[in-house]
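Small disclaimer: the values here were computed from a predicted structure and weren't measured. Ligands are counted one by one from 1 in listed order, and the atoms in each one are counted from 1 as well.
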Amino acid sequence: MIHTRNLQKFFRRGNNEKYVLRNINIDIEEGEYVVITGPSGSGKTTLLGLLGLVEVPSSGEIFFRGEEVSGISERRRNRIRRDHIAFIFEQIHLIEELTIYENIELPLLYVSTSRKERKKTVEALLDRFRLTHLRKQYPGNFGDFVQQKVALARALSCSPDFLLADEPTGRLSSGEREEFMELLRQLNEEGQTIVMATHSKDEARHGQRVIQLFDGHVVSSASNRD
Ligand code: ADP
Ligand code: MG
């Protein structure tokens with residue numbers, strides 16, 4: 001689904017170029033659950049930004065379903081992102097003025113769906129993440145676990161082809177973390193393609209495949225299944 005070829009990213013500091021990612025060649029196939037791991041500062045967030053078409057590489061290529069997307073217009077890139085890609089982050093960005101129901105519904109207002117379809121989708125997500133009883137409440141009244149579940153439901157509302165998760169459990173307690181990992185595992189089992197970044201070795205074992213970054217290099221790529 002997503003392939004990168006000799007992907008590099010650097011940031012300029014004065015006359016110097018600071019390389020954050022070097023020669024990244026990865027292939028993510030439909031239905032996979034890939035974990036990108038590595039210490040803080042190794043380039044995980046930057047890589048997710050590139051895979052999610054939020055950032056553009058300094059050099060190299062990114063293919064989304066066979067189409068080279070690093071050279072296309074920003075408008076087209078935004079469209080692909082909107083139609084196919086969803087994110088969750090360590091920092092949970094919900095809209096405080098909207099109820100939990102409305103937060104999950106929000107992305108659907110930007111695509112052509114009927115009111116009835118929308119309702120059906122949101123209710124199914126509320127039910128799935130055990131949020132139905134909280135639908136009319138505001139997210140700020142709840143802790144990070146509930147909020148992250150709402151963010152996940154919102155990310156899924158448009159049925160993205162792939163979900164990018166950047167340290168999604170960073171703010172959760174260990175019990176909540178396990179539960180959240182289980183939610184992602186189930187989603188993947190049902191076919192959702194997931195790419196998750198984490199610095200936690202323990203969480204990395206949840207993926208089918210682990211890509212390890214160190215100082216912007218891929219230092220290993222291993223399957224968890226053997
Ligand atoms: P990780 O998510 O693994 O902690 P990041 O991708 O956030 O790593 O960052 C990798 C490196 O890139 C860090 O040294 C960071 O300071 C640097 N970096 C990230 N974004 C920028 C930017 N916009 N400008 C300059 N340096 C950046
Ligand atoms: Mg990061």
Side-chain angles (χ1 to χ4, degrees), residues 2-28 32-64 69-72 74 77-78 81 85-94 144-145 147-149 151-152 154-155 160 162-174 176-178 180-181 183-184 188 193-222 224:
I2 291 222
H3 308 281
T4 74
R5 289 296 167 259
N6 301 323
L7 203 60
Q8 309 220 76
K9 182 75 177 175
F10 59 75
F11 295 101
R12 246 177 246 292
R13 277 209 189 125
N15 288 329
N16 294 325
E17 286 161 358
K18 182 188 169 188
Y19 275 86
V20 173
L21 291 172
R22 293 258 193 195
N23 262 311
I24 307 286
N25 294 290
I26 55 179
D27 300 308
I28 292 157
E32 273 201 295
Y33 184 176
V34 176
V35 173
I36 296 170
T37 187
S40 178
S42 56
K44 303 181 296 297
T45 294
T46 307
L47 181 55
L48 250 54
L50 291 170
L51 294 175
L53 313 191
V54 179
E55 299 210 39
V56 287
S58 307
S59 66
E61 297 167 302
I62 306 177
F63 297 88
F64 181 78
V69 289
S70 61
I72 61 177
E74 193 173 335
R77 208 169 46 240
N78 289 342
R81 197 172 57 239
I85 304 172
F87 287 89
I88 51 172
F89 304 93
E90 176 173 3
Q91 301 279 354
I92 306 162
H93 309 282
L94 296 171
D144 291 325
F145 182 53
Q147 292 200 33
Q148 192 62 297
K149 287 202 297 182
L152 179 59
R154 182 183 58 179
F162 88 113
L163 175 70
L164 291 162
D166 194 357
E167 311 262 6
T169 64
R171 298 161 70 119
L172 308 186
S173 72
S174 62
E176 294 167 343
R177 204 173 289 165
E178 277 297 312
F180 198 80
M181 284 294 108
L183 292 176
L184 293 186
N188 172 251
T193 312
I194 302 175
V195 180
M196 175 176 76
T198 178
H199 63 270
S200 153
K201 285 215 165 61
D202 192 43
E203 282 184 7
R205 74 187 155 78
H206 289 271
Q208 296 165 351
R209 192 149 65 87
V210 181
I211 295 173
Q212 183 140 20
L213 286 181
F214 192 80
D215 286 350
H217 295 264
V218 172
V219 290
S220 78
S221 178
N224 267 343

Checklist entry - Considering all heavy atoms of both residues, which atom of Leu213 and which atom of Pro39 are nearest to each other, and what is their separation? => result O-CD, 3.7 Å

Checklist entry - If we only count N/O pairs under 3.5 Å, is Gly41 in contact with ligand 1? => result yes

Checklist entry - Considering residues at least two apart in sequence or located in another chain, which fulfil the ring-ring contact (aromatic ring centres under 6.0 Å, His included) criterion with His217? => result none

Next on the checklist: Is any side-chain heavy atom of Asn25 closer than 4.5 Å to one of Val218?
Outcome noted: no

Next on the checklist: With heavy-atom distances below 4.5 Å as the criterion, would you say the side chains of Leu51 and Val195 are in contact?
Outcome noted: yes

Item to check | Results of side chain to side chain donor-acceptor pair (under 3.5 Å) for Ser173 - residues two or more places apart only | outcome: Glu176

Checklist entry - Which heavy atom of the protein is the closest neighbour of atom 7 (O) of ligand 1, given with residue, atom name and distance? => result Thr45 CB, 3.6 Å

Item to check | Selection from Glu90, Lys18, Lys44 by shortest heavy-atom distance to atom 13 (C) of ligand 1 | outcome: Lys18

Next on the checklist: Would you say that Glu178 contacts Asp202 through its side chain, given a criterion of any heavy-atom pair below 4.5 Å between the two side chains?
Outcome noted: yes

Item to check | Closest protein heavy atom (residue, atom, distance) for atom 6 (O) of ligand 1 | outcome: Thr46 OG1, 2.5 Å

Item to check | Residue Ser40 vicinity, atoms of ligand 1 by number, heavy atom under 4.0 Å | outcome: 4 (O)

Checklist entry - Can you list the ligand 1 atoms lying under 4.0 Å from a non-hydrogen atom of Pro39? => result 3 (O)

Checklist entry - Tally of protein N/O/S atoms under 2.8 Å from the Mg ion (ligand 2)? => result 1

Item to check | Geometric N/O contact Gly43 with ligand 1, under 3.5 angstrom | outcome: yes

Next on the checklist: So if I count the atoms of ligand 1 from 1 in the order they appear, which ones are less than 4.0 Å from some heavy atom of Val20?
Outcome noted: 10 (C), 11 (C), 12 (O), 17 (C)

Checklist entry - Taking the inter-plane angle between the rings of Phe87 and Phe89 on a 0 to 90° scale, is it parallel (under 30°), tilted (30 to 60°) or perpendicular (over 60°)? => result parallel

Checklist entry - Taking the minimum heavy-atom distance to atom 22 (C) of ligand 1, which of Phe214, Tyr19, Phe11 ranks first? => result Phe11

Next on the checklist: Using side-chain heavy atoms (C-beta onward) and a distance below 4.5 Å, is Leu163 in contact with Leu152?
Outcome noted: yes

Checklist entry - Who are the ring-ring contact (aromatic ring centres under 6.0 Å, His included) partners of Phe10, not counting sequence neighbours? => result Tyr19

Checklist entry - Less than 4.5 Å apart, any side-chain heavy atom of Ile28 and any of Arg209? => result yes

